[in-house]
Amino acid sequence: MEKIIAGKSVAVNEEGYLTDFKQWDESIAKELAAEAEISLTPRHWEVLTYLQTEFKNEVPLSIRKIGKSGVVDIKEFYQLFPKAPLKTATKIAGIPKPASCI
Amino acid sequence: MKHLVILGAGTAGTMMANHLSHQLEKNDWKISIVDERKEHHYQPGYLFLPFDIYSPSDIIKSIDEFIPKNAELIRGSINKIAPKENKVHMEDGSELNYDVLIIATGAKIAPEETEGMKGIEWQKSVFDFYTFEGSLALRNKLRDWQGGKLVVHITEMPIKCPVAPLEFAFLADSFFKHKHMRDKVEITYVTPLSGAFTKPKATEALEHLLKEKNINIESDFAIEHVNNENKTIVDYGGRVIPFDILVTVPTNKGDEMIERSGMGDDLNYVPTHKATLQSKEYANIFVLGDASNIPASKAGSVAHFEAEILTDNILHYINGEPLKEEFDGHANCFIETGNGKALLIDFNYTHEPVEGSFPFAGIGPLRLLKESRMNHMGKLAFRWIYWNVLLKGTHIPFVSATMSESGKHYN
Ligand SMILES: Cc1cc2nc3c(=O)[nH]c(=O)nc-3n(C[C@H](O)[C@H](O)[C@H](O)COP(=O)(O)OP(=O)(O)OC[C@H]3O[C@@H](n4cnc5c(N)ncnc54)[C@H](O)[C@@H]3O)c2cc1C
């Protein structure tokens with residue numbers, strides 16, 4: 001389905017995750033962050049960029065991996081993206097919600 | 001004489017030894033299977049032991065009983081694999097040379113990954129039921145427990161048999177009802193997932209059951225530590241959940257041997273092609289069961305379906321033919337829901353569990369994703385099937401290695 005985010009029409013799934021990363025840009029990230037009541041700081045951007053790189057390299061994401069990434073520890077990850085950080089951060093980053101496999 | 005070596009004589013390794021002992025040319029191939037244990041455990045039984053439904057003798061048999069005569073059982077601990085030299089180094093210093101290697105060393109719990117989990121309360125008020133010792137200690141605790149807060153908890157995914165903790169919560173509900181003390185026990189199910197299960201349709205059905213049985217659910221909980229003094233679990237977001245008994249499924253990991261061999265990912269699972277079961281790095285190494293990193297359930301039923309396909313692929317490999325990309329992630333699991341009933345789910349990499357009938361479309365007799373007594377009989381029969389059919393590598397009639405879509409209600 002289509003959704004207007006930051007004035008642009010983008011393709012999203014039923015949970016609101018972008019289905020085409022090519023449509024993502026910083027203004028979309030800002031608006032998705034605002035929906036989650038987060039205002040993005042340079043630290044947020046570092047983490048988002050890291051997540052996008054991992055996604056492009058087809059590395060499956062997990063809380064454990066992020067904690068060991070050296071980019072951010074799990075405590076801080078929770079402070080930056082409260083409650084369910086992996087789900088929130090991937091949504092803002094415009095990449096798929098990690099499938100925590102069966 | 002060529003040498004095929006199987007590491008691990010658990011569910012998956014034993015099945016492979018049986019399949020291959022019929023298939024490989026006896027004059028050309030020698031089969032060896034290595035394990036450090038004397039006993040083969042029926043791990044699904046660990047779920048029933050705490051509730052006195054099974055006794056230890058239902059769960060434990062000798063490893064030797066299930067190894068085919070023409071395979072050599074080597075007892076000992078594996079130190080590491082040297083994949084570039086086609087060698088396995090044993091703890092006792094001996095070496096095994098192989099032409100083809102099958103890794104089936106499984107997965108096990110690693111409570112030390114979580115701060116405070118293996119603390120002073122371990123096996124006093126903090127338990128696991130993924131080991132025989134843990135399950136037995138929990139049985140002894142539950143026998144005369146007077147009630148309080150029971151917390152059933154998953155540390156992180158993936159875990160073996162991902163429905164087992166839910167089943168534990170359902171069986172606990174039933175157990176305390178029968179003891180006429182359900183009103184004295186508050187049951188809470190705590191999961192790092194966003195809901196009861198990973199697949200939407202099954203999650204819906206299971207959450208409905210949790211509600212019906214008055215079991216609270218706390219989702220999106222990523223544990224940071226266990227506080228042994230206050231008896232609480234605390235997550236990274238600062239959420240605190242108190243317990244009188246914590247039944248946790250600690251982080252699951254592959255064996256350290258995989259790490260020592262430099263062949264694993266961050267949880268010691270071996271990177272494996274998900275459709276052929278060949279190692280991603282070494283053409284003459286194959287991986288099945290819980291030891292691989294493929295995105296399928298870590299379950300005995302999955303290992304069974306894998307073994308049928310892997311047997312063909314080993315023969316293809318030996319004959320220099322292309323491998324079949326056939327494994328579809330097929331899993332088939334009974335979910336005990338208490339009070340003599342169970343659910344059944346059947347799914348694969350691409351198709352989530354849905355309602356329908358199994359194994360015969362429109363007939364059953366088993367019902368998918370619906371509670372029934374027949375499904376419960378199926379779960380109990382699974383133990384007999386495990387010892388007498390699965391381990392021997394016999395094909396289960398009417399149930400194919402790849403999933404069938406007929407009789408299922410996809411929309
Ligand atoms: C509580 C619980 C409930 C379950 N319920 C179900 C269910 O209902 N249905 C279902 O299908 N599955 C169920 N499972 C999962 C099932 O038991 C496993 O998926 C299955 O046993 C995996 O087989 P495997 O051969 O890969 O590993 P295992 O059977 O664990 O075998 C691994 C073997 O390798 C040996 N080994 C490992 N490292 C070394 C070493 N360094 N040196 C020597 N030997 C070594 C071990 O001794 C062991 O014998 C359940 C599991 C648990 C824990």
Side-chain angles (χ1 to χ4, degrees), chain A residues 1 12-19 32-33 35-38 41 43-44 46-47 50-51 53-55 57-93 95-102, chain B residues 110 113-115 154-163 191-195 197-200 202-203 218-225 234-239 251-253 265-267 269 271 274 292-299 301-302 329-331 333 345 347-353:
Chain A
M1 68 183 116
V12 296
N13 68 12
E14 55 294 352
E15 291 180 297
Y17 286 77
L18 263 64
T19 51
L32 288 172
E35 277 179 26
E37 292 170 20
I38 295 168
T41 66
R43 265 315 266 160
H44 288 98
E46 275 173 54
V47 174
Y50 159 75
L51 294 177
T53 313
E54 294 293 279
F55 166 69
N57 295 334
E58 293 178 37
V59 181
L61 291 166
S62 66
I63 295 261
R64 155 182 293 271
K65 279 234 178 79
I66 288 160
K68 292 195 170 160
S69 65
V71 177
V72 61
D73 64 25
I74 303 179
K75 261 235 128 85
E76 192 190 355
F77 193 37
Y78 265 80
Q79 280 154 9
L80 294 170
F81 303 94
K83 265 167 68 185
L86 195 52
K87 280 189 292 182
T88 313
T90 47
K91 192 176 203 173
I92 298 171
I95 61 179
K97 178 169 129 185
S100 47
C101 56
I102 42 273
Chain B
E113 290 277 329
T114 306
E115 190 193 322
I154 301 176
T155 302
E156 62 179 314
M157 301 299 281
I159 58 170
K160 302 199 245 197
C161 195
V163 291
T191 169
L193 300 172
S194 309
F197 196 54
T198 50
K199 313 272 176 169
T203 298
E218 294 274 356
S219 48
D220 289 314
F221 188 94
I223 189 167
E224 190 204 9
H225 70 273
V234 182
D235 99 334
Y236 285 101
R239 240 153 104 204
T251 301
N252 282 202
K253 287 176 94 171
D265 63 13
D266 56 344
L267 288 170
Y269 297 123
K274 67 177 191 176
S292 90
N293 80 333
I294 62 169
S297 278
K298 296 194 181 299
S301 68
V302 175
H330 189 190
C333 307
I345 54 176
F347 58 103
N348 68 11
Y349 289 141
T350 50
H351 290 71
E352 62 163 317

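Any value given below was found using the heavy atoms of this structure, including those in side chains, with hydrogens, waters and symmetry copies removed. Protein chains get the first letters and strands the later ones, always in sequence-line order, with residue 1 at the start of each.
For B:Asp235, the part lying near chain A is the side chain, with the backbone staying farther off; criterion is any non-hydrogen pair under 4.5 Å. Only the backbone of A:Lys83 comes within contact range of chain B, with heavy atoms under 4.5 Å apart. Both the backbone and the side chain of B:Ser194 have a heavy atom closer than 4.5 Å to some heavy atom of chain A.
Considering only heavy atoms from C-beta on, A:Ile66 comes within 4.5 Å of A:Tyr50 through its side chain. Put simply, the side chain of B:Val163 does not reach to within 4.5 Å of the side chain of B:Ser297, judged on heavy atoms.
At least one test fails for B:Lys199 against the ring of B:Phe347: distance under 6.0 Å to the centre or angle within 45° of the axis.
A:Glu76 has a carboxylate O that lies under 4.0 Å from a charged side-chain N of A:Arg43, or vice versa, which qualifies the two as a salt bridge.
Interface check for chain B: of the options A:Arg64, A:Lys75, A:Lys87, the most heavy-atom pairs under 4.5 Å are formed by A:Arg64.
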